[in-house]
K.L.:
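Starting off with a structure, shown below.
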Protein chains: 2
Amino acid sequence: MAVTLKDVARLAGVSVKTVSNVVNGYAFVKPENRRRVEEALAATGYRPNLGARNLRRGRTGFLALMVPELNIPYFGELAGLVLKAAQKRGWSVLIEQTQGTRERERETLVSLGPHLVDGALVHPEALQAGDFHDAAGGIPLVMLGEHAVDVPIDRVAIDNVLAARTAVRHLAELGRRRIAAIGQNPARGTSEQRMAGYREALSEAGLSYVEELVAPAEKYHRAHGAAAMKALLDLPEPPDGVFCFNDLLAIGALRAVAERGLRVPHDVAIVGFDNNEESAFSLPALTTIAPDKAALAEAAIDLVCRRITGETDTPPQHVQTPFSLEVRESTRG
Amino acid sequence: MAVTLKDVARLAGVSVKTVSNVVNGYAFVKPENRRRVEEALAATGYRPNLGARNLRRGRTGFLALMVPELNIPYFGELAGLVLKAAQKRGWSVLIEQTQGTRERERETLVSLGPHLVDGALVHPEALQAGDFHDAAGGIPLVMLGEHAVDVPIDRVAIDNVLAARTAVRHLAELGRRRIAAIGQNPARGTSEQRMAGYREALSEAGLSYVEELVAPAEKYHRAHGAAAMKALLDLPEPPDGVFCFNDLLAIGALRAVAERGLRVPHDVAIVGFDNNEESAFSLPALTTIAPDKAALAEAAIDLVCRRITGETDTPPQHVQTPFSLEVRESTRG
DNA sequence: GTGAAAGCGCTAACAC
DNA sequence: GTGTTAGCGCTTTCAC
């Protein structure tokens with residue numbers, strides 16, 4: 001059986017209170033007693049029972065991270081950074097996967113709560129505004145990434161409209177005139193914003209918006225990017241530049257182009273979004289929008305922690321984290 | 001404040017015991033009472049306080065998963081599957097990242113314990129046998145993947161020697177005669193096993209083991225694969241086939257070959273290991289050893305759960321899960 | 001079948 | 001400064 005406070009107290013010949021004081025770093029303990037307690041602590045190898053401590057404190061000591069799927073590189077990378085940021089501050093993180101379905105997202109939101117975690121970072125894919133009502137039993141929630149729904153909770157994200165515009169402007173500056181977009185999807189929050197940036201950049205460059213150059217994508221996986229690209233290449237007048245709404249779509253597009261015997265960027269230049277680690281090694285390496293994921297993770301953790309402690313109790317805020325355009329072979333050359 | 005059992009009991013006009021019985025699905029409750037409790041439950045939106053329940057039960061309700069880094073695709077994918085398998089059985093999973101350093105692995109192992117989690121799946125990279133002594137406060141531990149250290153704890157893994165042999169035999173059957181290996185690293189458990197499989201396949205094919213064709217890799221990332229491949233291509237007699245100890249190394253190797261203006265598989269055929277999702281979309285798509293990751297996750301979760309419940313109390317066992325060779329463009333020509 | 005009460009390990013009043 | 005004690009919310013004997 002595990003060593004309890006009581007065991008240590010008995011061994012040291014003091015009360016549990018004194019042991020508790022030492023364990024919790026309370027300053028005013030008689031040196032003599034402190035020494036004896038510390039000895040007993042070492043001798044028994046005591047480790048506090050977090051469950052009991054938190055039950056008493058009304059805390060759980062855990063944070064939750066809700067993401068669609070960890071096998072999607074963006075989320076794997078983000079989760080890694082969130083874990084790191086949380087660990088630095090002494091929090092443990094529970095990861096919940098939703099597969100990006102509204103139902104699972106809603107369930108997860110409800111299952112989260114004060115009894116399980118003290119706060120949560122959520123990256124919803126399909127949640128509607130109403131789903132947030134009274135969700136998670138009132139614990140602090142921070143939303144990751146931009147979303148179509150407008151709910152009054154904290155958010156941390158990059159400026160998706162500006163990022164998309166930057167990507168498309170880059171293609172335009174390369175002299176591309178028929179610039180396509182892959183990833184339109186009304187169900188996704190970011191799609192709307194990236195579409196807006198796409199259109200802004202087009203008009204900025206004096207290019208007109210062409211319906212047939214906008215390829216929808218049901219999901220943002222590699223295979224969907226390949227399929228969408230194939231369709232674009234089948235057009236009577238195929239595009240000479242493509243902005244993909246994420247790197248996975250772009251990787252798929254790269255393959256579709258290669259399978260047609262065409263060359264990137266010679267025949268068609270491609271830009272992605274997310275800067276997955278794999279994108280620096282694709283052939284050709286992918287030009288992409290690189291969100292500062294570490295900054296995003298830090299900001300989100302920081303915010304949720306401050307909400308939990310009550311350090312911050314301003315109205316919900318929207319934190320913007322930086323991004324950059326990473327120019328690589330797929331638009332160079 | 002959250003609704004407690006007592007609140008529900010008061011509202012329903014019964015004792016906490018009865019409510020507890022209903023909540024826990026105890027069969028023998030007077031229908032009348034059951035109805036009233038269920039109404040009160042619904043009216044209050046009661047959710048049990050897991051912390052309290054587990055404190056009482058002497059459980060935490062959590063499992064831990066220790067991995068090097070989630071941004072490495074293999075671990076991202078594996079973690080996703082572990083989470084899924086755990087969720088099916090009603091467990092929450094705490095993920096701990098170690099960056100693959102022995103110190104962090106040791107710390108993590110110690111910090112895990114009965115007060116935090118009820119059991120753990122660990123994928124160590126650098127741990128030594130002695131580090132396991134009395135680790136994790138005696139909770140059930142299941143090791144993921146093969147390792148050099150021989151400690152008496154449960155393990156779930158594929159047969160790495162056989163898998164490596166299969167990969168190299170495939171290259172030999174293609175007629176390749178100078179088959180290189182990338183990834184030798186004495187500090188890594190699996191390296192030894194994959195080297196063994198490599199040698200077995202060579203001698204099986206009547207090829208001799210050539211020292212210079214074995215390229216070490218400090219880490220198993222893409223950049224290291226590229227560097228190792230460059231060195232191999234600089235050899236007076238470069239290889240015509242390469243077995244990389246994981247897909248990331250292989251992806252790096254692909255790039256190194258392309259940068260030299262050579263072609264895969266025409267000039268050199270390449271086989272990887274892990275079957276990361278990205279490997280089906282690289283150019284060319286990568287032939288690779290595909291461990292059944294879902295089976296691995298399921299087996300590991302199953303085992304740790306059975307240890308926790310005491311359902312299984314046999315000596316530590318070694319479970320082997322299946323793998324296959326996924327033949328793609330990088331060896332098909 | 002159901003209620004009363006003890007107690008899981010810990011912290012925080014409150015006395016001394 | 002330190003000990004005693006009352007719970008945090010839950011499960012679980014043990015009576016009834």
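The chains referred to below are lettered A, B, ... by the order of the sequence lines, with proteins before strands, and numbering in each begins at 1.
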K.L.:
Find which nucleotide of DNA chain C each of B:Pro31 and A:Tyr46 is nearest to by heavy atoms, and output the residue with the more 5' nucleotide.
P.N.:
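Checking each residue's closest nucleotide, the 5'-ward one belongs to B:Pro31.
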K.L.:
Side-chain contact, heavy-atom cut-off 4.5 Å: A:Val142 with A:Val122?
P.N.:
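Side-chain contact under 4.5 Å: no.
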K.L.:
Grab the CZ-C1' distance between A:Arg47 and C:dC10 for me, whole Å please.
P.N.:
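Those two atoms, CZ and C1', are 16 Å apart.
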K.L.:
To the closest 0.5 Å, what do you measure between NZ (A:Lys88) and CG (A:Leu83)?
P.N.:
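Taking NZ in A:Lys88 and CG in A:Leu83, the distance rounds to 13.0 Å.
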K.L.:
Take atom CG of B:Asn49 and atom C1' of D:dT11, then tell me their distance rounded to the nearest Å.
P.N.:
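The answer, rounded to whole Å, is 13 Å.
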K.L.:
Under the 3.5 angstrom rule, does the side chain of B:Gln97 hit a backbone N or O of B:Val67 as a donor-acceptor pair?
P.N.:
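Pair absent, no side-chain N/O of B:Gln97 close to backbone of B:Val67.
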K.L.:
In this structure, which one of A:Lys30, A:Arg35, A:Arg34 forms a salt bridge (charged side-chain N to carboxylate O under 4.0 Å, His left out) with A:Glu32?
P.N.:
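Testing A:Glu32 for a salt bridge (charged side-chain N to carboxylate O under 4.0 Å, His left out) against A:Lys30, A:Arg35, A:Arg34 leaves exactly one candidate, A:Arg35.
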K.L.:
Send over the distance from A:Arg53 CZ to C:dG9 P, rounded to a whole Å.
P.N.:
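Roughly 15 Å, once rounded to whole Å.
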K.L.:
I need the B:Ser111 OG to B:Arg104 CZ distance, nearest 0.5 Å.
P.N.:
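Rounded to the nearest 0.5 Å, the OG-CZ separation comes out at 8.0 Å.
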K.L.:
Starting from the 5' end of DNA chain C, give me the residue, B:Tyr26 or A:Asn24, whose nearest nucleotide shows up first.
P.N.:
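That would be B:Tyr26.
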K.L.:
Below the 4.0 Å mark, does D:dG3 have OP1 or OP2 next to a side-chain nitrogen or oxygen of A:Thr18?
P.N.:
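Yes, within the criterion.
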K.L.:
Rounded to whole Å, how long is the line connecting atom CG of A:Asn54 with atom P of D:dC10?
P.N.:
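Going from CG in A:Asn54 over to P in D:dC10 covers 16 Å.
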K.L.:
For the pair made of CD in B:Glu32 and C1' in C:dT2, what is the distance, rounded to whole Å?
P.N.:
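After rounding, the reported distance stands at 14 Å.
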K.L.:
What's the CG-P distance between A:Leu5 and C:dG7, to the nearest Å?
P.N.:
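Rounding to the nearest Å, CG of A:Leu5 and P of C:dG7 are 18 Å apart.
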K.L.:
Kindly confirm or rule out a cation-pi arrangement of B:Lys293 over B:Tyr74, judged by NZ or CZ under 6.0 Å from the six-membered ring centre and within 45° of its axis?
P.N.:
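Pair B:Lys293/B:Tyr74 does not count as cation-pi.
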K.L.:
What pairs of nitrogen or oxygen atoms, one from the protein and one from nucleotides 12-14 of chain D, lie under 3.5 Å apart?
P.N.:
none

K.L.:
In whole angstrom, give the distance that lies between atom CG of A:Asn33 and atom P of D:dG3.
P.N.:
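Taking CG of A:Asn33 and P of D:dG3, I get 6 Å after rounding.
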K.L.:
Using the side-chain contact (heavy atoms from CB on, under 4.5 Å) rule, pick out the option among B:Ile301, B:Leu141, B:Leu63, B:Ile95 that qualifies with B:Leu121.
P.N.:
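The residue from B:Ile301, B:Leu141, B:Leu63, B:Ile95 that satisfies side-chain contact (heavy atoms from CB on, under 4.5 Å) with B:Leu121 turns out to be B:Ile301.
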K.L.:
May I ask you to decide if the ring planes of B:His123 and B:Phe75 are parallel, tilted or perpendicular, using 30° and 60° as cut-offs?
P.N.:
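It falls in the perpendicular class, over 60°.
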K.L.:
Are B:Trp91 and B:Ile308 side-chain neighbours, meaning at least one heavy-atom pair lies under 4.5 Å?
P.N.:
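Side-chain contact under 4.5 Å: yes.
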K.L.:
Starting from P on D:dC10, measure out to CG on A:Leu55 and report it in whole angstrom.
P.N.:
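Going from A:Leu55 (CG) to D:dC10 (P), I get 9 Å.
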K.L.:
Side-chain N or O of A:Thr4 less than 4.0 angstrom from OP1 or OP2 on C:dC8?
P.N.:
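Indeed not, no polar side-chain atom of A:Thr4 lies that close.
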K.L.:
For DNA chain D, just give me the dot-bracket, please: Watson-Crick or G-U, both distances below 3.5 Å, ( ) intra-strand, [ ] crossing earlier pairs, | paired with another strand, . unpaired.
P.N.:
||||||||||||||||
K.L.:
Hey, is the side chain of B:Ser15 poking within less than 4.0 Å of OP1 or OP2 on C:dG3, counting only N and O atoms?
P.N.:
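Yes.
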K.L.:
Of all the choices, C:dG3, C:dG1, D:dT2, which nucleotide is nearest to the side chain of A:Lys30 once you look at every atom?
P.N.:
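Of the options given, the side chain of A:Lys30 lies nearest D:dT2.
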